[in-house]
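This report concerns only the one structure given below.
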Amino acid sequence: MPRHVGIIMDGNGRWAEMRGLPRLEGHREGSTSVREVTRCARRLGVGALTLYAFSAQNWARPAEEVAGLMELLRDYLESEREEILENGIRLNAIGEVERLPRYVREPLEKLRAESAGNEGMVLTLALSYGGREELVEAARRVAEAACRGELTPARLDAKGFESFLWTHELPALDLVIRTSGEARISNFLLWQMAYAELCFSDVLWPDFRTEAFLRCLAQYQQRERRFGLTSAQVKREDSQRAKA
Ligand code: IPE
Ligand code: IPE
Ligand code: MG
């Protein structure tokens, strides 16, 4: 089972347009997929689930759609509160959260605080998130720390750099799923994706439920993760681990 799964939840607009509905109806139906996939991940013992809900670039969509998405987000935080708390889920957020309207930020911070002690699964919402934005912010904080004399640039390594990312407390990303048939990353978790397995599903997000999620997990389990080693080395390591 992957320890950390990230999902690029795409295809809400097309789902609605195919039915002659306003795009927002697709986003609304997508909330049900969020609930189902979260439940399934929790039940299967996935340690961390990160959902790309709104990108830094999505602010450029029509104002009406952005406002509708923000209202849905607020409704989600309200309606899922009980389920999150009852199931030992810790809610977390990454991204330029300060750009969100107050009516989203407040329930988000409240639920984040209320669920802070939960240890079942960490559910991270990527909101106003961009991978490049995260890296630039990290670079800025590294430079500031260096100016204050708190770190020596020559000693900075990948592990040290990682501690400046918004995801610093999450486990390594194992699997990234993108729905809706698009084969691109769209600025999601760029650094963290380095050795993640990628799964592209043709299913549109509002139709992406337990079954589709299980299919992606099954694909993941078929993969051999080599991290630069040869297959023989990986097999040897696996059998040594099994014996230990
Ligand atoms: C994903 O669905 C949700 C967000 C990006 C907020 P889209 O709204 O991108 O759906 P399509 O890609 O237009 O179908
Ligand atoms: C990626 O989807 C962002 C989210 C799922 C929140 P987009 O629909 O915004 O990505 P592009 O524009 O197709 O690359
Ligand atoms: Mg899209």
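All values below were derived from every heavy atom in this structure, side-chain atoms included, with hydrogens, water molecules and symmetry-related copies excluded. We count ligands from 1, going down the list as the structure has it; atoms in each ligand are counted the same way. Residues take their numbers from the sequence shown, with the count starting at 1.
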Query raised in the report: Side chains of Ser115 and Asn118: is there a donor and an acceptor less than 3.5 Å apart?
Result: no
Query - Arg19 to Trp15, cation-pi by 6.0 Å centre distance and 45° axis angle - result: yes
Query raised in the report: Are Glu197 and Gln222 close enough that a side-chain donor and a side-chain acceptor fall under 3.5 Å?
Result: no
Report task. Below 4.0 angstrom from a heavy atom of Arg184, which ligand 2 atoms are there? Numbered from 1 as shown, please. Result -> 11 (P), 13 (O), 14 (O)
Query - Residues that, via side-chain heavy atoms closer than 4.5 angstrom, fall in one hydrophobic cluster with Leu135 - result: Ile8, Tyr52, Ile94, Tyr129, Val142, Leu151, Leu156, Phe161, Phe164, Leu165, Trp166, Leu173, Val176, Ile185, Phe188, Leu189, Leu190, Trp191, Met193, Leu198, Phe200
Query raised in the report: Measuring from Asn87:CG to Thr38:OG1, what's the distance to the nearest 0.5 Å?
Result: 10.0 Å
Query raised in the report: Got a sec, which residues hit ring-ring contact (aromatic ring centres under 6.0 Å, His included) with Trp205, two or more places apart in sequence or on another chain?
Result: Phe208
Query raised in the report: Without hydrogens or angle criteria, can the side chains of Lys243 and Ser239 be said to hold a donor-acceptor pair below 3.5 Å?
Result: no
**Report entry** Pairing of Glu80 and Arg35 as salt bridge, 4.0 angstrom limit
**Finding:** yes
Requested in this report: Could you name all protein N, O or S atoms found under 2.8 Å from the Mg ion (ligand 3)?
Outcome: Asp10 OD1
Query raised in the report: So, Arg14 versus Ser180: side-chain donor-acceptor pair below 3.5 Å or not?
Result: yes
Query - Neighbouring protein residues of ligand 1 - any heavy atom closer than 4.0 Å - result: Met9, Asp10, Gly11, Asn12, Gly13, Arg14, Arg23, His27, Ala53, Asn58, Arg61, Glu65, Leu69
Query raised in the report: Strictly by modelled atom types, are His27 and Glu65 linked by a side-chain donor-acceptor pair under 3.5 Å?
Result: yes
